[in-house]
Each structure stands twice: as structure tokens, then as C-alpha cells.
Amino acid sequence: MSNIRVRFAPSPTGYLHIGGVRTALFNWLFARQNKGTFILRIEDTDQSRSTEESIQAILEGMRWVGLDWDEGPYRQTERMELYRRHAMRLFEQGRAYWCICRAEELEARRKEAEAKGLSPKYDGRCRDLGITAPTGDAALRFRAPQEGQTVIDDLIKGRVVFDNSVLDDLIILRSNGYPTYNFSVVVDDALMNITHVVRGDDHLTNTPRQIPMFQALGYPVPRFGHLPMILGSDKTRLSKRHGATSIMAYKEMGYLPEAMVNYLARLGWSHGDQEIFTREELIEKFSFDHVQKSSAVFNPEKLLWVNAHYIQHGAPSRIAQALVPYLEQAGLKEEIKAVSAEWLERLVVTVRERTKTLVEMVTWATPYFGQDVAVEEEAAKKFLTPAIVPALTKLKVGIEGAVEFSKARLEEVFRGVLEEEGLKMAQLAQPVRVALTGRAASPGLFDVMELLGRERTLHRLQKGIERAKAALS
RNA sequence: GUCCCCAUCGUCUAGCCUGGCCUAGGACGCCGGCCUUUCAAGCCGGCAACACGGGUUCAAAUCCCGUUGGGGACGCCA
């Protein structure tokens with residue numbers, strides 16, 4: 001294990017979303033590639049917005065996509081003592097001071113400054129008051145450097161320089177005693193020996209505020225990497241308006257976690273022209289050098305294509321195993337128990353190429369369960385007509401008489417009927433298809449028969465014949 | 001408003017660092033064709049981009065400057 005340590009630090013204020021997963025993924029890939037440590041840390045210092053439910057949702061999402069963590073999940077609310085102690089240390093060093101401005105006053109002043117077109121930063125009026133023992137509500141502010149520059153050699157953006165004159169005296173301890181984000185993140189990253197802070201580039205301007213705190217506290221400054229944002233189709237930050245953003249929503253829609261990972265990895269990162277990567281390849285080939293600097297638009301259609309690819313090319317056993325819960329959810333629990341794993345895999349293989357999600361796959365798979373099949377009205381009306389009865393009957397008799405129930409033999413019988421009846425392939429195939437699957441579209445007929453087996457094939461054929469006979473005339 | 005980041009087909013991107021191999025490549029989507037028992041899948045083909053303006057250079061998608069456009073940050077949110 002190397003000394004490389006990275007973390008994913010979501011705040012539990014909602015579900016784990018796509019952007020968070022990608023940030024986590026890049027951290028995870030970097031850790032795994034370097035035999036480093038991947039840490040999960042929950043940033044829940046905002047009591048009013050953090051929920052236990054969100055924490056659980058984050059863990060569930062992480063597990064689903066297979067991003068396993070080596071340490072944590074730590075929760076910042078369990079580390080309060082650490083933040084307070086570090087804050088007091090800064091105070092004692094003269095690097096922090098008590099501010100007795102009220103929140104409403106600050107808000108008002110900010111608005112006023114903004115209205116005048118001035119910078120809305122804190123005016124520093126408590127900076128030199130020298131308050132040592134505040135009474136009532138007071139917040140602790142970090143005394144930010146005002147001169148010189150802070151330079152970041154970003155793993156992705158390259159060299160970024162900020163004038164310290166733009167820096168604000170940030171509140172590090174709220175009047176309720178809780179630390180604020182910019183402070184707790186520094187204390188934790190320092191104490192957890194984080195070597196590389198990889199996060200969304202919405203944090204880029206937070207970085208020059210944090211670096212002086214690492215320095216004031218006497219901790220080494222980690223390296224930073226700022227990932228570009230993921231945007232919606234209208235090029236604004238991805239949000240609910242753009243459709244599903246919760247990672248678990250994609251599970252529900254029938255996406256494979258390996259497809260999500262592959263798509264998200266390729267969103268903002270590339271390795272030449274390669275589109276499909278195994279998890280091992282991702283770990284091996286990932287590099288910050290090839291992470292895009294600019295933001296990327298989330299494209300659900302490409303995601304769907306990647307998912308279809310995994311469904312169509314994955315190991316049948318893997319797809320079958322992933323499909324089962326969806327089948328169960330569709331009310332086929334008992335039916336699944338009755339079939340073998342081997343049969344289920346054959347089913348997957350025959351239906352998967354017309355399927356882009358597992359949910360879609362359920363729709364294609366249902367006709368193969370149970371003795372009878374629900375026949376779509378429209379399909380029956382069009383293909384199960386009295387005129388086709390002789391041919392259907394002849395086919396049924398032929399199959400009954402066949403010694404062997406194999407695809408090759410079945411086709412021979414079928415073609416024999418075609419010839420005797422003077423029919424074209426499609427003229428008989430469609431009625432048979434409807435009788436067997438209840439629909440006008442299905443996999444190849446002989447695959448269907450093989451999947452159904454002799455008994456059900458004959459049974460459904462018979463039902464089809466009866467229905468065709470009864471149709472008007 | 002101030003600061004920061006970014007800019008190649010509609011979208012994801014290769015190429016940019018180390019200028020010529022770029023008549024700018026791949027992928028998704030779209031359009032057309034082939035295959036075909038249906039629906040798909042597959043295969044073949046097509047449409048489609050270096051934001052703009054100046055430089056530097058024999059030569060610029062590639063280097064420099066500016067403009068424009070987009071995004072982000074400026075909270076006792078994270």
C-alpha cells in the first residue's frame with residue numbers, strides 16, 4: 001500500500017447523484033491504481049440539512065456502483081472536538097478572532113455592497129477588536145492573508161494563481177459551535193493525511209481559502225485536482241430538471257452498475273478512441289492527464305448505448321443474475337423458482353440483443369414464463385385468422401411427429417409446411433410467432449420454440465389454432 | 001460587480017504540452033443502404049466541428065495576445 005490517500009466527502013443533504021459518483025469514481029480509480037487508500041467521509045456539519053436517510057442513500061449508492069472504501073465512513077459530527085481544538089489553536093496563535101457581527105447584519109451589508117456593485121466580502125470590522133472572551137453569540141473568523149499570492153498546481157487545471165487580496169476572513173466556527181465547511185474540510189484532510197484532494201471544480205475558489213489554513217495549522221498542503229462539472233442538456237449544472245440525477249434511479253430504470261461506471265468514467269476522461277473499459281482497464285489506464293478541463297454535458301442516450309452494450313456482451317450468467325430482481329418485481333417470483341439457471345441464461349441470450357435496459361428485458365422475457373401466454377389483441381387480429389388454420393394445424397402435427405425437438409429439425413418441418421401450403425416464410429412465421437409469444441415481434445422462431453420446449457410449443461400452437469378458428473368468419 | 005476556470009461535429013471526445021503526418025479521427029444520436037421469418041443486433045455509407053479577431057512562423061486546431069461566449073465562486077451551505 002502506497003501513502004497515497006484520497007477521499008470522497010459528500011454532504012448528506014439528498015441522494016447520491018451522478019456528479020458525486022463520478023467524483024468518487026475518479027478518486028477511487030486513482031487510489032486503486034496507486035495501491036493507495038480511499039476514504040469515505042460524510043460532511044454533515046450543517047445540522048439543519050443533513051439527514052440519516054441521505055447518509056444511508058449515499059452508502060447504498062456507493063455499494064451499488066462498487067466503489068468500496070478502505071476507511072470510514074467518518075462523520076464530521078463525530079469529530080467536533082477536533083475542529084474546536086484546532087480553531088482554538090488558531091485563536092491562540094492570533095490567526096483567528098471573534099466576530100460579533102450578527103448574521104442578519106452581515107446579510108444586510110452584503111446586499112448593500114452588492115447593490116453598489118462592490119465586492120460582497122466581509123469588511124473585517126471585528127478583525128482588530130481584540131475580543132478575547134465573547135459574551136453571547138460570536139463566531140470565530142480566520143484571519144486570511146491579504147498580501148501576496150496563493151498558487152495551486154492543480155492536477156487537472158494546471159497552475160492557478162489567486163491574489164490574496166481577494167480572500168475573505170472566513171467564519172470557521174459558527175456561533176453555535178459547529179465548524180463551517182471550509183474549516184472542517186481542512187482539519188479533516190490534514191488529520192486524515194489526505195495527499196490528493198480531488199473534487200468538483202466548484203471548489204476551485206475555495207482552495208486558496210483553505211491553503212492558508214493548512215499552513216497556519218502547520219500541516220502539509222495536499223495536492224489538488226479539480227474535476228469539471230457535469231452539465232445538463234441546456235449547459236447549466238445538472239439537476240433534477242434534466243431528468244434523473246440520483247444514481248439509484250438508474251438502477252431502478254434497469255441500468256447495470258458497470259455501464260454507469262463506464263459511462264461516467266468516459267464523461268470527462270478518455271483514453272484515445274476506446275469507449276468500453278473493464279473495471280481493471282479503468283484502474284490501469286486512468287490518468288489525470290487525460291481528464292478534460294472543460295465541463296461535460298450528460299448524455300442519457302449514450303449512457304443507454306453503453307448499457308445496451310453491457311447487456312448484449314456481458315457474461316450471460318452475470319446478466320441473468322442482474323435480471324432476476326426485476327423479474328421478481330414484475331410478479332414472476334414463483335415462475336423463476338421453477339426454472340433452471342441454465343434455462344434463464346439461454347433466455348437472456350435470446351432476448352438481449354433487442355434490449356437496452358433490464359426493465360426492457362423483463363418485457364421481452366415474460367412470454368417465456370408460464371404455460372399460456374397473453375396474446376395482444378392487435379397481433380391476434382392481424383395474424384390469427386381462419387385462413388392460416390390449415391397451415392398451423394399441419395405444423396403442429398409435424399412437430400408432434402418429429403422424433404427430435406431441435407432447431408434444425410423444427411426448421412425442416414416448418415419449411416415442409418411452407419412448401420405444401422404454398423406459403424412464404426413470413427406468412428406462416430408471423431401467425432406462429434403470435435401464437436407462441438403473443439406478439440408480432442420476438443426473437444427467431446426456432447429459438448423461441450427451443451426455449452419453450454416441445455410441450456408448451458404444442459400447447460400454445462393449439463391455443464392459437466383455436467383462436468384463429470374462432471376469429472370472425 | 002469582483003475573482004477564477006473553460007472553449008474541436010448536436011453530445012462525449014482524439015489531436016494541442018513536443019507546430020507540418022489534419023483534406024481534423026473515433027463514439028452516441030440522426031439519415032440512407034445491406035442482411036432478414038418479425039423486432040432487434042450486426043455490417044456498409046452519409047450529414048456534421050477547430051467560437052471570433054489579431055499576431056509569431058516557411059507552416060497554427062496546435063504557441064502568444066485580445067474579444068466574445070459559457071461555467072463556477074464570492075453564505076454563521078457544502
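Residue numbers start from 1 in every chain, and the chains themselves are labelled A, B, ... in the order their sequence lines are given, proteins ahead of strands.
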For [N] and [M], measure between their [atom1] atoms and round to the nearest Å.
N	M	atom1	value
B/rC44	B/rU36	C1'	16 Å
B/rA51	B/rC34	P	39 Å
B/rC16	B/rG29	P	28 Å
B/rU62	B/rG15	P	15 Å
B/rU67	B/rC12	P	26 Å
B/rG66	B/rC4	P	12 Å
B/rA24	B/rA49	P	10 Å
B/rG54	B/rU68	P	16 Å

Need one value for [X]: base, sugar-phosphate or nothing, where a base atom within 4.0 Å counts as base even if backbone is also close, heavy atoms only.
X	result
A/Gln427	nothing
A/Leu267	sugar-phosphate
A/Ser48	nothing
A/Leu445	base
A/Asn206	base
A/Val185	nothing
A/Gly444	base
A/Ser442	base
A/Ala440	base
A/Tyr263	nothing
A/Arg209	sugar-phosphate
A/His309	nothing
A/Ser11	sugar-phosphate
A/Thr180	sugar-phosphate

Report the C-alpha separation of A/Gln430 and A/Arg433 in whole Å, then their side-chain angles, then the decisive distance to 0.1 Å, and conclude whether the side-chain hydrogen bond (donor to acceptor under 3.5 Å, both in side chains) test is met.
CA-CA 5 Å; A/Gln430 284 306 83; A/Arg433 190 183 313 283; 2.6 Å; yes
Could you pick out which residue, A/Tyr122 or A/Asn182, lies toward the 5' side of RNA chain B when each is mapped onto its nearest nucleotide?
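Taking each residue's closest nucleotide, the earlier one in sequence belongs to A/Tyr122.
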Residue whose closest nucleotide on RNA chain B lies nearer the 5' end, A/Ser270 versus A/Thr236:
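Its nucleotide being nearer the 5' end, the pick is A/Ser270.
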Opposite nucleotide pairing with [N], Watson-Crick or G-U, both atom distances under 3.5 Å:
N	value
B/rA51	B/rU67
B/rC3	B/rG72
B/rC9	none
B/rC34	B/rG42

Below 4.0 Å from chain A heavy atoms, what is the first contacting nucleotide of RNA chain B and what is the last?
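Nucleotide range with atoms under 4.0 Å of chain A: B/rG1 to B/rA78.
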State which residue, out of A/Arg141, A/Arg109, A/Arg110, fulfils the salt bridge (charged side-chain N to carboxylate O under 4.0 Å, His left out) condition with A/Asp123.
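That would be A/Arg109.
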Working to the nearest 0.5 Å, report the span between CG of A/Asn262 and CG of A/Leu267.
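If I round to the nearest 0.5 Å, the distance is 11.5 Å.
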So how far is it from A/Tyr83 OH to A/Asp188 CG, rounded to the nearest 0.5 Å?
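The distance works out to 3.0 Å.
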Give the minimum heavy-atom separation between A/Cys99 and A/Tyr122, together with the two atoms involved.
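Heavy-atom minimum between the residues: SG-OH, 3.4 Å.
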Write down the atom of A/Phe214, the atom of A/Val221, and the distance for their closest heavy-atom approach.
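So the minimum-distance heavy-atom pair works out to CB-CG2, 3.9 Å.
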Identified ring pair (Phe, Tyr, Trp, His ring centres under 6.0 Å) partner of A/Tyr263 from the options A/Phe298, A/Trp269, A/Trp305
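One option only clears the test, and that one is A/Phe298.
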Among all residues two or more places apart in sequence or in another chain, which pass the side chain to side chain donor-acceptor pair (under 3.5 Å) test with A/Arg102?
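Result, side chain to side chain donor-acceptor pair (under 3.5 Å) vs A/Arg102: none returned.
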Could you list the residues that satisfy side chain to side chain donor-acceptor pair (under 3.5 Å) with A/Thr51, not counting sequence neighbours?
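Per chain and number, A/Thr51 pairs via side chain to side chain donor-acceptor pair (under 3.5 Å) with A/Ser54.
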